[in-house]
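Here's the structure, in structure tokens; my notes come after.
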Amino acid sequence: AFGFSKQVNEFLTRGIHGKILFGKANVTTKKSNIGMYTSEESFDIYSYSDLKLNSSLPISYDLVENNKARNIGIDQDNFNISKLMFNRKNPGFAIDAGFTYRYNDKFSISGSVVDVGFIRWGSNINSFSQNLTDSITGLDANNPNFTEQWMANVDSIRSNLLVDTE
């Protein structure tokens, strides 16, 4: 980090502080339109999603048909906290800037802007997207086939929880 400040006149002091950054982990959503609602006439549940997620994390997933992924999680086999903490492959830069205006000995105004900058993510890059509409049949606890109905819904949800890898 480096910085300087300067007294402009007897009332105003301003300064700037720059810093070099090294990003460790990141998850960012570009789109996240996700929702769920129930039918007014039945117990049916409807869901939709239109999302795009980017990350810089050691992630593992199972790749299935057509670049679709499931079972997304932290890659436990290759996760090493010290490797992550000392990773220097995601460089960046940020600045802080501020001022103090001292009107008199009893009144002053200060202001600042902090952490304005960027990080160029370059390691463990992953991108996932999903555009889905789905529905599951509502459950009736008095139905003698409740267990089968429950498992059918679980299978439907599991089969639709696929995301596109990019």
Side-chain angles (χ1 to χ4, degrees), residues 1-37 45-103 107-136 153-166:
F2 54 91
F4 73 92
S5 67
K6 179 178 181 175
Q7 187 164 354
V8 177
N9 57 40
E10 65 178 293
F11 302 107
L12 180 64
T13 302
R14 64 182 178 193
I16 191 165
H17 180 235
K19 47 197 162 187
I20 296 173
L21 307 173
F22 292 99
K24 304 306 173 195
N26 179 43
V27 176
T28 306
T29 57
K30 297 286 185 180
K31 286 192 293 188
S32 61
N33 184 18
I34 301 169
M36 183 181 296
Y37 59 95
I45 299 172
Y46 301 92
S47 62
Y48 59 90
S49 68
D50 184 13
L51 65 95
K52 181 169 175 72
L53 183 129
N54 298 320
S55 72
S56 177
L57 287 168
I59 289 180
S60 67
Y61 52 86
D62 297 332
L63 198 58
V64 293
E65 83 262 355
N66 300 326
N67 285 337
K68 303 246 185 223
R70 73 164 41 142
N71 300 328
I72 300 168
I74 298 296
D75 186 355
Q76 298 296 327
D77 295 335
N78 295 312
F79 182 77
N80 180 323
I81 191 69
S82 63
K83 200 177 198 183
L84 182 67
M85 294 309 295
F86 294 107
N87 176 9
R88 302 189 118 200
K89 295 179 182 172
N90 302 313
F93 181 78
I95 61 169
D96 305 336
F99 73 93
T100 300
Y101 185 83
R102 183 173 300 281
Y103 183 71
F107 183 76
S108 66
I109 297 174
S110 298
S112 65
V113 176
V114 296
D115 295 333
V116 176
F118 65 92
I119 295 176
R120 296 205 189 281
W121 297 100
S123 67
N124 296 315
I125 300 297
N126 298 285
S127 183
F128 302 102
S129 63
Q130 184 180 61
N131 193 329
L132 169 72
T133 56
D134 192 22
S135 65
I136 58 174
N153 283 344
V154 168
D155 288 343
S156 173
I157 293 168
R158 186 177 290 150
S159 68
N160 284 317
L161 279 181
L162 297 174
V163 294
D164 294 315
T165 58
E166 298 176 9

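Below, each value reflects all heavy atoms present in this structure, side chains not excepted, and no hydrogens, waters or symmetry copies.
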**Request:** Check side chain to side chain contact (heavy atoms under 4.5 Å, CB included) between Phe118 and all other residues, then give those that pass, not counting sequence neighbours.
**Result:** Phe93, Arg120

**Request:** Would you please name every residue forming a side chain to side chain contact (heavy atoms under 4.5 Å, CB included) with Val27, sequence neighbours left out?
**Result:** Leu53, Ser55, Leu57

**Request:** Please tell me if the side chains of Phe99 and Val8 come closer than 4.5 Å, counting only heavy atoms from C-beta onward.
**Result:** no

**Within-4.5 Å side-chain heavy-atom neighbours: Ser127 and Lys52** = yes

Do you see a donor-acceptor pair shorter than 3.5 Å between the side chains of [X] and [Y]?
X      : Y      : answer
Thr28  : Asn54  : no
Asn124 : Ser56  : no
Asn131 : Ser129 : no

Can you measure from [atom1] ([X]) to [atom2] ([Y]) and round to the nearest 0.5 angstrom?
X      : Y      : atom1 : atom2 : value
Arg102 : Ser110 : CZ    : OG    : 8.0 Å
Ile59  : Ile72  : CD1   : CD1   : 7.0 Å
Phe86  : Ile81  : CZ    : CD1   : 10.0 Å
Arg14  : Asn9   : CZ    : CG    : 9.5 Å
Lys24  : Lys89  : NZ    : NZ    : 11.5 Å
Leu84  : Asn78  : CG    : CG    : 12.5 Å

Looking at every non-hydrogen atom in both residues, tell me the closest pair between [X] and [Y] and how far apart they are.
X     : Y      : result
Ala25 : Trp121 : O-CH2, 3.5 Å
Leu51 : Ser32  : CB-CA, 4.1 Å
Met36 : Tyr48  : N-CE2, 4.3 Å
Phe22 : Pro91  : CD2-CA, 4.2 Å

**Request:** Tell me, yes or no, whether the heavy-atom count around Ile20 atom CD1, taken from other residues, nucleotides or ligands under 6.0 Å, exceeds 12.
**Result:** no

**Request:** May I have the step-by-step check of side chain to side chain donor-acceptor pair (under 3.5 Å) for Asn90 and Ser123, ending in yes or no?
**Result:** CA-CA 7 Å; Asn90 302 313; Ser123 67; 3.2 Å; yes

**Message:** Among residues at least two apart in sequence or on other chains, which ones pass side chain to side chain donor-acceptor pair (under 3.5 Å) with Asp115?
**Reply:** Lys19

